[in-house]
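These notes are about the structure you will find just below.
Below, chain A is the first sequence line, B the second, and so on; all start at residue 1. Just so you know, these numbers come straight off a predicted model, no measurement behind them.
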Amino acid sequence: MIDAKWLRERPEALRQALTDKGVSVDVDALVRMDQERREIIITVDALKQQRNEISKAVGERKRQGENADDLIARTGDLIEEIKALDTRLKELEADFEQTLLTVPNPAHPSVPVGQDPSENPVVRTWGEPLEATDFPLKNHLELGEALGLFDFARGTKITGTGFPLYTGAGAKLERALINFMLDMHTQKHGYTEVFPPFLVNRTSLTTTGQLPKMEEDMYLAQVDDLFLIPTAEVPVTNIHQDEIIPEKELPLRYTAYSACFRREAGSYGKETHGFLRVHQFNKVEMVKFVRPETSYDELETLRRDAEDVLEALNLPYRVLELVTGDLSFAAAKCYDLELWAPGEKRWLEVSSCSNFEDFQARRGNIRYKPRTGEKPHYLHTLNGSGVATARLLVAILENNQQPDGSIQVPEALVSYFGAETISADDA
RNA sequence: GGAGAGAUGGCCGAGCGGCUGAAGGCGCACGCUUGGAAAGCGUGUAUAGGCAACCCCUAUCCAGGGUUCGAAUCCCUGUCUCUCCGCCA
């Protein structure tokens, strides 16, 4: 949620920022609501003051055994008026709040203005994308099915399309990846591991920004009005919902494995085969709660921590900085990490590292208490995938394939996986 | 799912319809004390909104309604937590 101060002090800047983000919001209507709201508050507070003074005087008299009927008689109109104004104020504030929740987070000034994902500048490339070899490169589906790593047909039978069933070495490889990443973040990068609920309520989704606008993208368990998480960002960010954290405890860094569920409504078609776009996938997520002054440094180290995973697995990747129009609803700045998949001959997004500044903190009422004893302030939240498998698995298979169709397991993964290769003989 | 108990500040915990934004304790911050520390002593310490304003005003004792001139305190509804029983990985 944006700070309502924007509306009073810099409505023009807000309008421009929202245009850059490619969203149209009726800023004038918000400004009007805010003004009317404040006018009513001024009036009704003054009336309440009068009422309180009279009540106090009544109490004074009663204590001395005197009659106070004349004073009580004076409150009649006052009370009616207060009731009416309070009712109107309440409606107005609810309306204002609801509207404010639909306003996206403006981008940080450093973010390049642009509309289309194709405009996202590449800020870094690591490793050599594998283009040509002396044998024909297969894609992950061909490799995996031959090796019995997964079974899409049966996954579809069990649930429907986009719900992968991992089998044998594939299941183990997936588990190895998750453990490898969690260990790296906890042992090397200083994160605290958590294992969150996979179902969340509406309040939690409002904090992180999926609600109220993206309800259609999620799976809903209707009877209990709970949603399957699209990312561990949701439960983990809400760990500190409605809390005031002492400054000395910041930064807080969490890492969590979770399955992620996304309906991906409207994205059927090509580019969705195999693991490229599925409804359920596994992801190790990193979430940070930090002091505002440090959040952009923390974004860089967050990205570094995600890159570390890819480098340890020796996978070529590139980093994109998202232009204003490609930023998500809640993000002020975001980097995407993409792995090269030689079998698919394309880059696959495996991580998004974002700074939300105080946008989520304001929605979830997450604050910190400064050392100096000042009043609590909203802190800044960040999160990044560290990283999303399914696509990570795709890249590992395609980058480490051998002429005979077997897979060389990346060295860093061997101790987790328990073997150096995956071949058809093992199956 | 059935029965009962409860929800007060960062935490614990008191609270008669008015003088209670809320006793007391803990914690925390600062100061005194000390060679240094502990102990001890003193002072301070909720949040939000309005306002130029740390003065002031308004609101907040789970949430929403109600009674009343006045509600943490009385009434109704809801939510959540705990205990016991049932079911269950």
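If you check residues 36-47 of chain A against RNA chain B, the residues with a heavy atom closer than 4.0 Å are Arg37(A), Arg38(A), Ile41(A), Ile42(A), Asp45(A), listed by number. Only Ile79(A), Lys83(A), listed by number, bring a heavy atom of residues 77-87 of chain A to less than 4.0 angstrom from any atom of RNA chain B. Within residues 49-58 of chain A, the residues having any heavy atom under 4.0 Å from RNA chain B are, by residue number, Gln49(A), Arg51(A), Asn52(A), Ser55(A), Val58(A).
Residues forming a side chain to side chain donor-acceptor pair (under 3.5 Å) with Lys188(A) (at least two apart in sequence, or on another chain): Asp308(A). Checked against side chain to side chain donor-acceptor pair (under 3.5 Å), Arg32(A) has no partners two or more places apart in sequence or in another chain. Qualifying side chain to side chain donor-acceptor pair (under 3.5 Å) partners for Asn201(A), counting only residues two or more places apart in sequence or in other chains: Ser204(A).
Remark: the Thr231(A) side chain and the Lys283(A) side chain contain an N/O donor-acceptor pair separated by less than 3.5 Å.
Listed by first and then second residue, the ring pair (Phe, Tyr, Trp, His ring centres under 6.0 Å) pairs that reach into residues 50-108 of chain A are His108(A)-Tyr296(A), sequence neighbours excluded. For residues 246-259 of chain A, the set of pairs meeting the salt bridge (Lys or Arg N to Asp or Glu O under 4.0 Å) definition, not counting sequence neighbours, comprises Glu247(A)-Arg291(A), Glu247(A)-Arg371(A), Arg253(A)-Glu298(A).
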All N/O donor-acceptor pairs, side-chain side in residues 220-227 of chain A, below 3.5 Å, sequence neighbours left out:
{"from": "Asp225(A)", "atom 1": "OD1", "to": "Arg202(A)", "atom 2": "NE", "distance (Å)": "3.1"}
{"from": "Asp225(A)", "atom 1": "OD1", "to": "Arg202(A)", "atom 2": "NH2", "distance (Å)": "3.0"}
{"from": "Asp225(A)", "atom 1": "OD2", "to": "Arg202(A)", "atom 2": "NE", "distance (Å)": "2.7"}

Distance-only donor-acceptor hits, side chain of residues 70-81 of chain A, under 3.5 Å, sequence neighbours excluded:
{"from": "Asp70(A)", "atom 1": "OD1", "to": "Arg61(A)", "atom 2": "NH1", "distance (Å)": "3.0"}
{"from": "Thr75(A)", "atom 1": "OG1", "to": "Ile72(A)", "atom 2": "O", "distance (Å)": "2.7"}

Distance-only check: which donor-acceptor pairs under 3.5 Å involve side-chain atoms of residues 175-185 of chain A, not counting sequence neighbours?
{"from": "Asp183(A)", "atom 1": "OD2", "to": "Tyr416(A)", "atom 2": "OH", "distance (Å)": "2.7"}
{"from": "His185(A)", "atom 1": "ND1", "to": "His189(A)", "atom 2": "ND1", "distance (Å)": "3.1"}
{"from": "His185(A)", "atom 1": "NE2", "to": "Gly386(A)", "atom 2": "O", "distance (Å)": "2.8"}

Pairing pattern in dot-bracket form [Watson-Crick, G-U; both distances under 3.5 Å; | = partner strand] for RNA chain B
((((((((.[[[..)..(.....]]]((((((.......))))))(((((.....))))).[[[[[..)....]]]]])))))))....
